[in-house]
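Written below as structure tokens is the structure these notes are about.
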Amino acid sequence: MSWVVQGILSFLAAACFGILFNAPRKMLIYCGFVGMTGWLVYFAYVGFSDDAVQASFLGAFAVALVAHIFAKRFRMPMIIFSVAGIIPLVPGGLAYNAMRHIVENDYIHSISYASQAFMISGSIAMGLVFAEVIIQLIFKTGLGRKPRKSN
């Protein structure tokens, strides 16, 4: 049951942020699907290894791959899908806790929260970049092209 709830809530979060980012109405479902995919990959890996940094990398990697697939399929910019889809992975709670502990003059805990938020943010960025590089390599080598029809 937890997987279903996680999937529905991450779908709603990504689709609602798609509305905020002015994604085309027809693409909101797909924005939600991209966010749900990334979050479920993250959720599965955290349950497996309990490492949020690696899980964020894999989740962002999945977001970028699915966003590329949808961008090619619907002939839309990839950013429409990836920006809305990455929202469930953003470590907003950790950044909030870091700031809260700074305000409370509890610097030891704030450094812990802030460093974890920075590592997760960096792994999200690296996941997006690595997926982009791999997609570009696939299309440069010709593996991603449709075979030509010979008459």
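When reading the values below, keep in mind they use all heavy atoms of this one structure, side chains included, and skip hydrogens, waters and symmetry mates.
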Quiz item: Which value, rounded to the nearest 0.5 Å, describes the distance between Q136 atom CD and I134 atom CD1?
Solution: 11.5 Å

Quiz item: Would you say L89 and W39 make side-chain contact, with heavy atoms under 4.5 Å?
Solution: yes

Quiz item: How would you list all residue pairs meeting side chain to side chain donor-acceptor pair (under 3.5 Å) that involve residues 69-82, not counting sequence neighbours?
Solution: none

Quiz item: Taking it one step at a time, do Y30 and F74 satisfy ring-ring contact (aromatic ring centres under 6.0 Å, His included)?
Solution: CA-CA 10 Å; Y30 302 105; F74 298 113; 4.4 Å; yes

Practice problem: Examine distances only and state if a side-chain atom of S10 and a backbone atom of G7 form a donor-acceptor pair shorter than 3.5 Å. | Solution: yes

Quiz item: Should I102 and L94 be counted in the same cluster of Ile, Leu, Val, Met, Phe, Trp and Tyr side chains packed under 4.5 Å apart?
Solution: no

Exercise. Kindly indicate whether the side chain of Q6, heavy atoms from C-beta on, has any atom under 4.5 Å from the side chain of M36.
Key: no

Practice problem: For the residue pair W3 and F43, categorise the inter-ring angle as parallel (less than 30°), tilted (30 to 60°) or perpendicular (more than 60°). | Solution: perpendicular

Quiz item: Near F17 CZ, under 6.0 Å, is it more than 12 heavy atoms from other residues, nucleotides or ligands?
Solution: no

Quiz item: Would L20 end up clustered with V63 when hydrophobic side chains under 4.5 Å apart are linked, directly or stepwise?
Solution: no

Exercise. Determine whether F48 and L58 fall in the same hydrophobic cluster, where Ile, Leu, Val, Met, Phe, Trp and Tyr are linked whenever their side-chain heavy atoms lie under 4.5 Å apart.
Key: yes

Quiz item: Linking I/L/V/M/F/W/Y whenever their side-chain heavy atoms sit closer than 4.5 Å, directly or via other members, would V66 and L40 fall into one cluster?
Solution: yes

Practice problem: Return the minimal non-hydrogen interatomic distance between I138 and T141, and the atom names on each side. | Solution: O-OG1, 3.1 Å

Quiz item: What is the minimum heavy-atom distance between G85 and A14, and which atoms define it?
Solution: CA-CB, 4.3 Å

Quiz item: Does atom CG of L9 have more than 12 heavy-atom neighbours, drawn from other residues, nucleotides or ligands, at distances under 6.0 Å?
Solution: yes

Quiz item: Do F70 and M76 belong to the same hydrophobic cluster, where Ile, Leu, Val, Met, Phe, Trp and Tyr are linked whenever their side-chain heavy atoms lie under 4.5 Å apart, directly or via other members?
Solution: yes

Quiz prompt | Heavy-atom closest pair, residues A52 and V46 | solution = CA-CG2, 4.2 Å

Quiz prompt | Neighbour count above 12 (heavy atom, 6.0 Å) for I29 CD1 | solution = no

Sequence neighbours left out, cut at 3.5 Å: what donor-acceptor pairs do the side chains of residues 108-131 make with other protein atoms?
residue, atom, partner, partner atom, Å
H109, ND1, D106, OD1, 3.2
H109, ND1, D106, OD2, 2.7
S110, OG, Y107, O, 2.8
S115, OG, I111, O, 3.0
S115, OG, S112, O, 3.0
S121, OG, A117, O, 2.8
S123, OG, V53, O, 3.2
S123, OG, M119, O, 3.4
S123, OG, I120, O, 2.8

Quiz item: Between atom CD1 of I86 and atom SG of C31, what is the distance when rounded to the nearest 0.5 Å?
Solution: 12.5 Å

Quiz prompt | Single hit among I135, V34, T37 for side-chain contact (heavy atoms from CB on, under 4.5 Å) with L65 | solution = I135

Quiz item: Roughly how far, to the nearest 0.5 Å, is OH of Y42 from CD of Q54?
Solution: 12.0 Å

Exercise. Report the C-alpha separation of F21 and I87 in whole Å, then their side-chain angles, then the decisive distance to 0.1 Å, and conclude whether the side-chain contact (heavy atoms from CB on, under 4.5 Å) test is met.
Key: CA-CA 11 Å; F21 295 139; I87 291 298; 4.2 Å; yes

Exercise. Could you grab the distance from atom CZ of F81 to atom CZ of F33, nearest 0.5 Å is fine?
Key: 12.0 Å

